[in-house]
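In what follows, chains are A, B, ... by sequence order, proteins preceding strands, each numbered from 1. On a predicted model such as this, the values are computed, not experimentally measured, just so you know.
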2 protein chains.
Amino acid sequence: MASIDDVARLAGVSIATVSRVLNNRGYVSEKTKLKVWKAVRELGYKPQKSARTLASRRLFKVALVISDRIKKLLKNETGNFYAIVLQAIKDVESSFRFSTAPLILESSDPKGFDGFLLIGSDATAEQVMFYRKYGKVVLVDHYIDGLGIDCVVSDGYDGVYKVVQDFVQRGFENIVHLHGPLRFYGFKDRYRGYTEAMQRNGLLPVCYEYDDLHEEITPVLKKIFRDKKVQVLICSNDIIAIRALKELKSWGYRIPEDVSVIGFDDIPQAERESLSTLRVQKYEMGLIAAERLYELLIGHGHHPYRMCLYTDFVKRSSSL
Amino acid sequence: MASIDDVARLAGVSIATVSRVLNNRGYVSEKTKLKVWKAVRELGYKPQKSARTLASRRLFKVALVISDRIKKLLKNETGNFYAIVLQAIKDVESSFRFSTAPLILESSDPKGFDGFLLIGSDATAEQVMFYRKYGKVVLVDHYIDGLGIDCVVSDGYDGVYKVVQDFVQRGFENIVHLHGPLRFYGFKDRYRGYTEAMQRNGLLPVCYEYDDLHEEITPVLKKIFRDKKVQVLICSNDIIAIRALKELKSWGYRIPEDVSVIGFDDIPQAERESLSTLRVQKYEMGLIAAERLYELLIGHGHHPYRMCLYTDFVKRSSSL
DNA sequence: ATTTGTTGTGTAAACGCTTTCATAACAGGG
DNA sequence: CCCTGTTATGAAAGCGTTTACACAACAAAT
């Protein structure tokens with residue numbers, strides 16, 4: 001494929017000039033610009049991204065935007081999810097020539113940054129578009145309908161789908177889903193994976209909503225287990241699953257013989273409680289988001305996308 | 001950030017040796033390997049992808065796998081969608097050092113290829129896993145539940161969602177969805193975007209299924225327009241939309257005054273018929289898929305993902 | 001007429017890797 | 001003891017860009 005040298009030769013200029021034309025930087029006469037673009041078109045030249053990345057010595061200022069809620073979470077273990085994401089970004093920041101700085105959602109000044117990584121599902125559409133005015137934006141573990149903003153999330157649909165599929169294939173039929181508020185994208189996504197998989201297997205989805213931030217789990221759980229037989233309880237996340245696990249044990253249920261409990265995320269507690277769960281690639285998530293932001297910043301195009309990272313099922317002793 | 005030089009210095013070897021250790025290639029003594037890995041860990045060294053890509057001179061053989069159906073489509077205009085995707089791959093093949101060759105799904109020998117780009121939604125799970133045995137696989141415009149295979153698709157959910165949202169905000173309420181068979185991922189995805197958006201606006205989703213390959217459109221359309229008032233008809237793709245458009249016109253309906261018709265894909269006919277539609281970034285799709293396959297081939301990890309490219313609404317005169 | 005600033009262009013040095021080639025040490029076979 | 005093959009390592013040449021720096025031409029200001 002044509003390289004910058006070929007273009008330079010054909011246009012009768014130096015590669016430095018070609019580079020300047022392509023990047024619209026520095027002084028170039030109109031006449032030269034035309035010559036270069038002509039050569040580019042003629043050769044069908046496409047700059048090679050890796051070479052660009054390598055050679056570009058720009059330093060970007062990027063803000064790691066977290067909400068107050070997440071900031072608090074980061075101090076205790078529950079926030080470990082985001083801690084890993086942030087660690088990943090820290091790890092690669094210099095490789096992308098990022099100088100990162102933390103920012104608290106909506107209470108800090110976004111001026112002076114080239115880009116923003118919005119971490120977690122607290123930002124509203126308005127807030128996202130606010131940051132967008134100041135620079136490039138990538139949502140991490142968050143998605144908002146119809147905005148067209150790049151984001152990196154876990155593929156809850158696919159994850160839960162395959163868990164259900166697996167249990168059904170092993171003969172289980174009484175599979176129940178206990179989900180968080182469906183206004184959150186993540187919960188909705190997993191919910192869809194569950195219902196879809198059940199329906200495709202000719203089973204009736206049985207779902208219960210539970211707001212893990214404002215409710216006791218006992219009432220919902222009582223209702224679930226009074227209503228009908230439950231062999232498998234798939235929960236929206238590990239927090240909910242662990243609460244359910246403890247409660248069920250206190251009722252005298254044997255886990256997993258009487259009921260299998262499944263979580264989502266794979267936070268550290270999950271391992272300690274021997275909870276089977278869908279592992280979200282948190283580190284990868286941060287890494288990819290950083291990569292994407294870099295692309296946007298160095299930014300020769302690309303269409304925005306939503307990237308869903310597949311999850312891995314981690315079997316521990318809370319499930320058969 | 002630490003570079004290969006730093007590692008070499010700390011380990012007391014040359015960068016060539018470090019590279020050999022990292023890539024597990026060529027002769028290196030066990031003792032040296034240990035020293036190098038120790039240095040790598042100590043510095044938290046991560047090889048820089050762009051440098052690797054640039055320096056790696058390997059030539060990959062990749063197969064462009066299409067079904068018989070698509071092969072036929074490519075000859076007439078309907079196949080333009082895939083023609084563009086394939087063009088994109090052709091355009092960048094040498095930039096990724098790919099030597100590509102066409103392959104017909106399930107009727108050609110997959111031996112001797114490093115990777116496979118499976119184009120379009122015809123491949124079954126079994127077929128995908130079959131190719132997977134021979135090399136890396138990326139699905140283009142296709143996704144299969146629970147397989148964990150990388151794929152690049154259009155974000156039908158998001159696209160249809162934002163169209164509905166837009167019409168609702170402008171006061172429309174009688175929005176109907178005419179969709180293709182829901183066993184196809186793409187149709188299902190768009191269907192979900194529609195129902196979700198309707199429900200979130202407190203409206204009742206009204207859907208009709210129509211198999212564009214085996215049915216006449218007249219009966220469904222008659223049913224739709226007999227049942228109730230229709231202001232907006234959102235179709236699963238441009239083919240369906242154009243058929244509907246023609247039929248409605250022949251009935252004497254004024255488009256878009258009486259009813260707005262929306263398609264999906266933005267195939268060439270859409271422009272000629274003045275059909276409003278959601279444009280899929282076909283070129284981008286091919287490009288990203290090629291990029292991804294390259295990553296897998298040069299392959300130092302990464303977790304598999306499903307990438308959904310946002311669509312753009314293209315307003316033409318078939319809609320208000 | 002000299003200085004200073006603006007505009008346009010080229011040369012060459014990075015960027016951080018991979019890979020080819022050269023070299024050396026050492027084994028075993030004749 | 002020489003030859004050959006195997007194992008282990010390093011030096012250095014790229015890969016395709018960007019960019020710092022040098023230089024030249026010319027205009028405007030002194």
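If you take CG of B/L34 and C1' of D/dA8, they are 15 Å apart, rounded to a whole angstrom. D/dT19 atom P lies 12 Å from atom CG of A/L22, rounded to whole Å. Taking atom CG of A/N24 as the reference point, atom P of C/dT7 lies 15 Å away to the nearest angstrom. Distance B/I4 CD1 to C/dC15 C1': 13 Å, rounded to the nearest Å. Rounded to whole Å, the distance from CG on A/D5 to C1' on C/dA12 is 13 Å. If you measure from atom NZ of B/K46 to atom C1' of C/dC15, you get 20 Å, rounded to the nearest angstrom. The CZ-P distance, from A/R25 to C/dG10, rounds to 18 Å in whole Å. The distance between atom CG of A/N23 and atom P of D/dG16, rounded to the nearest whole Å, is 17 Å.
Under the 4.0 Å criterion applied to side-chain N and carboxylate O atoms, A/R292 and A/D150 are assigned as salt-bridge partners. A salt bridge links A/R306 with B/D155; the closest basic N to acidic carboxylate O contact falls under 4.0 Å. Salt bridge annotation for B/K162-B/D158: present, with a cationic side-chain nitrogen under 4.0 angstrom from a carboxylate oxygen.
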| note | Reading nucleotides 9-15 of chain D from 5' to 3' and marking B where a protein heavy atom lies under 4.0 Å of the base, S where only the sugar-phosphate is that close, and - otherwise, the string is BBB--BB

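The backbone N or O of A/R279 sits nowhere less than 3.5 Å from a side-chain atom of A/T277 that would complete a donor-acceptor pair.
Judged purely by distance below 3.5 Å, without hydrogens or angles, the side chains of B/T53 and B/S50 never pair a donor atom with an acceptor atom.
Legend: residues meeting side-chain hydrogen bond (donor to acceptor under 3.5 Å, both in side chains) with A/S14, ordered by chain and number and at least two apart, are A/T17.
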